[in-house]
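Notes follow once the structure below has been shown.
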2 protein chains.
Amino acid sequence: MPTYKYPRPSLTVDCIVFGLDAELELKIMLIKRDIPPFEGEWAIPGGFVRMDETLEQAALRELQEETGIQNVFLEQLYTFGDLGRDPRDRVVSVAYYALINLVEQKVQASTDAREAYWFPLSKIPKLAFDHDQILQTAITRLRSKIRYEPIGFELLPRNFTLSQLQKLYEIIWNRSLDKRNFRKKILSMDLLLDTGEVQHNVSHRAAKLYQFDETKYLQLKDKGFNFEV
Amino acid sequence: MPTYKYPRPSLTVDCIVFGLDAELELKIMLIKRDIPPFEGEWAIPGGFVRMDETLEQAALRELQEETGIQNVFLEQLYTFGDLGRDPRDRVVSVAYYALINLVEQKVQASTDAREAYWFPLSKIPKLAFDHDQILQTAITRLRSKIRYEPIGFELLPRNFTLSQLQKLYEIIWNRSLDKRNFRKKILSMDLLLDTGEVQHNVSHRAAKLYQFDETKYLQLKDKGFNFEV
DNA sequence: TCAAAAGTGTTGATCCTACACCCATGT
DNA sequence: ACATGGGTGTAGGATCAACACTTTTGA
């Protein structure tokens, strides 16, 4: 057991995992706590940072262990360190947020013995610790970041329609957008690759499927281009 | 001496302090380290987080102790936790940045026995630890945040001229702006209070002095207004 | 043939950019 | 009188917001 001259806060990472399902519903993953404190309540995935891993590695490891998620978009959100946020001890938590698509990434919610489920954003129960606050921060970040960075594509399948992309923005911003103006804006950036494919088995005109051209985006960005919706 | 079941990284806060002097030069405060590691090299102010203070309180305390600065704009920047960023030990650092005006806030650089100086951004020496990276992150944040939030006023004296405000943006963005367009944009937001005062002892036409109307800004923001330069 | 979503252009208003001269002050 | 920065308006181009109908597909 290590001893230190001065007491140290303990350090955790916690992760808000946003997932978009086939019906374009935005959800987050919550885990039911099976030990005190807050036993039986819902919390976001997370855990202690080990000595031999970076913060990002810790977040990825926890995601992998608790949800089986791999290869995910992950970004640091904010560090929460108020006194009393954990009733046992002084705990500082570096929060991350992740974006995944639930159609292509089959996430087995329950892995350990623990219960883990996807909750629609509109039906989030009261959360353990200060996880409500972390979630609020993550939603705010997502709302503003999706405007200036092409991170929305992380939530969609690799091939997607323009209507799906528009609906994603409408869901996240909670307001409707004009279809023609949205398409003009997006297509004028010239960052979508027309796959030549269309939807199948839809009982209406089949929409074209596009891919986000990340290579092109990175090139343009180097030259000073700014993504903005 | 406390003992823990598992080893814990130690936790520090570090702070990039931006100061704007009378000549509108943008500087940051650096402290010469008087103990290993990196003894004799320059570093940004910072120190360990105590058990009975929040992260922000720790940052404010360190600023007060090392530079005498009080009542300062302070915002969390990013948390740095790579392995090996401190050669002694695993240290995770929550970085903050602060903005102050050096004309009205007389900052006694040297307080402890330690040497502390203001360095112009163009003449920053090689820094200890990963402080170069922290500085880069802070500059990038400042550049983008000043566009969408009225934080530039924190660097100016309470009363300032439009030319001073414009020069501040030019310095931070490292490009020149059109005088007439800049004034139109800023004044059209109707957030500057005309103090009725003018400059004194200048060998040219005296410029009007303005104040940022924070109360009005907060009201407008509530109604959905977005500051943007 | 019906329902449901895909796809497509124009117009007026607004905002942005580029640009040059006179004014007030201290030396 | 001169040097220095303060202060002001306009016009053309680009961008944004508002708006409705035809097309394709499966049931």
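Here is how names work: the chains are called A, B, and so on, in the same order as the sequence lines, proteins then strands, and each is numbered from 1. The model shown is predicted, which means the values in this text are computed figures rather than measured ones.
- Protein atom CD of A/E170 is 13 Å distant from nucleotide atom P of C/dA5, rounded to whole Å.
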From CA spacing to verdict: side chain to side chain donor-acceptor pair (under 3.5 Å), B/D82, A/T54:
CA-CA 5 Å; B/D82 280 357; A/T54 66; 4.9 Å; no
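- You'll find that the side chain of B/K184 is closest to D/dG9, out of D/dT25, C/dA24, D/dG9.
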For the pair A/E75 and A/Y96, evaluate side chain to side chain donor-acceptor pair (under 3.5 Å) and give the outcome as yes or no after the intermediate values.
CA-CA 5 Å; A/E75 189 172 83; A/Y96 282 77; over 6 Å; no
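- We find that CG of B/L192 is positioned 12 Å from P of D/dG7, with the value rounded to whole Å.
- The listed nucleotides are D/dG7, C/dG26, D/dA18; the one nearest the side chain of B/A207 is D/dG7.
- If you check distances only, the side chain of B/K179 does reach the base of D/dG6 with a donor-acceptor pair under 3.5 Å.
- Between the C1' atom of C/dA5 and the CG atom of A/L24 lies a distance of 13 Å, rounded to the nearest Å.
- The CD atom of A/E154 sits 13.5 Å away from atom CZ of A/F18, with the distance rounded to the nearest 0.5 Å.
- Counting to the nearest Å, the C1' atom of D/dT10 and the CZ atom of B/R183 are 18 Å from each other.
- The shortest distance between the side-chain N/O atoms of A/R205 and the OP1/OP2 oxygens of C/dG7 is not below 4.0 Å.
- Taking the six-membered ring where the residue is Trp, B/F129 and B/H131 present tilted rings, their angle falling between 30° and 60°.
- Among the atoms of the strands shown, none is found under 4.0 Å from any heavy atom of A/N201.
- One interatomic measurement links the two molecules: NZ of A/K185 to C1' of C/dG7, which rounds to 20 Å at whole-angstrom precision.
- Between B/S163 and D/dG6, a side-chain N or O to OP1/OP2 separation shorter than 4.0 Å is present.
- Atom CG of A/D178 and atom P of D/dC16 are 13 Å apart (whole Å).
- Put simply, CG on A/N181 is 12 Å from C1' on C/dT8, counting in whole angstrom units.
- The pair A/E41-A/K126 does not meet the salt-bridge criterion, since no charged nitrogen lies less than 4.0 angstrom from a carboxylate oxygen.
- Considering only side-chain atoms of A/H204, the nucleotide from C/dC19, C/dA6, D/dC19 that sits closest is C/dA6.
- Across the protein-nucleic acid pair, B/K167 atom NZ and D/dG5 atom P stand 7 Å apart, rounded to whole Å.
- Comparing C/dT25, C/dG7, D/dG7 against the side chain of A/K208 picks out C/dG7 as the nearest.
- The shortest distance between the side-chain N/O atoms of A/R180 and the OP1/OP2 oxygens of D/dC19 is not below 4.0 Å.
- Residues B/H200 and A/L162 both approach DNA chain C. Their nearest nucleotides, taken by heavy-atom distance, put A/L162 toward the 5′ side.
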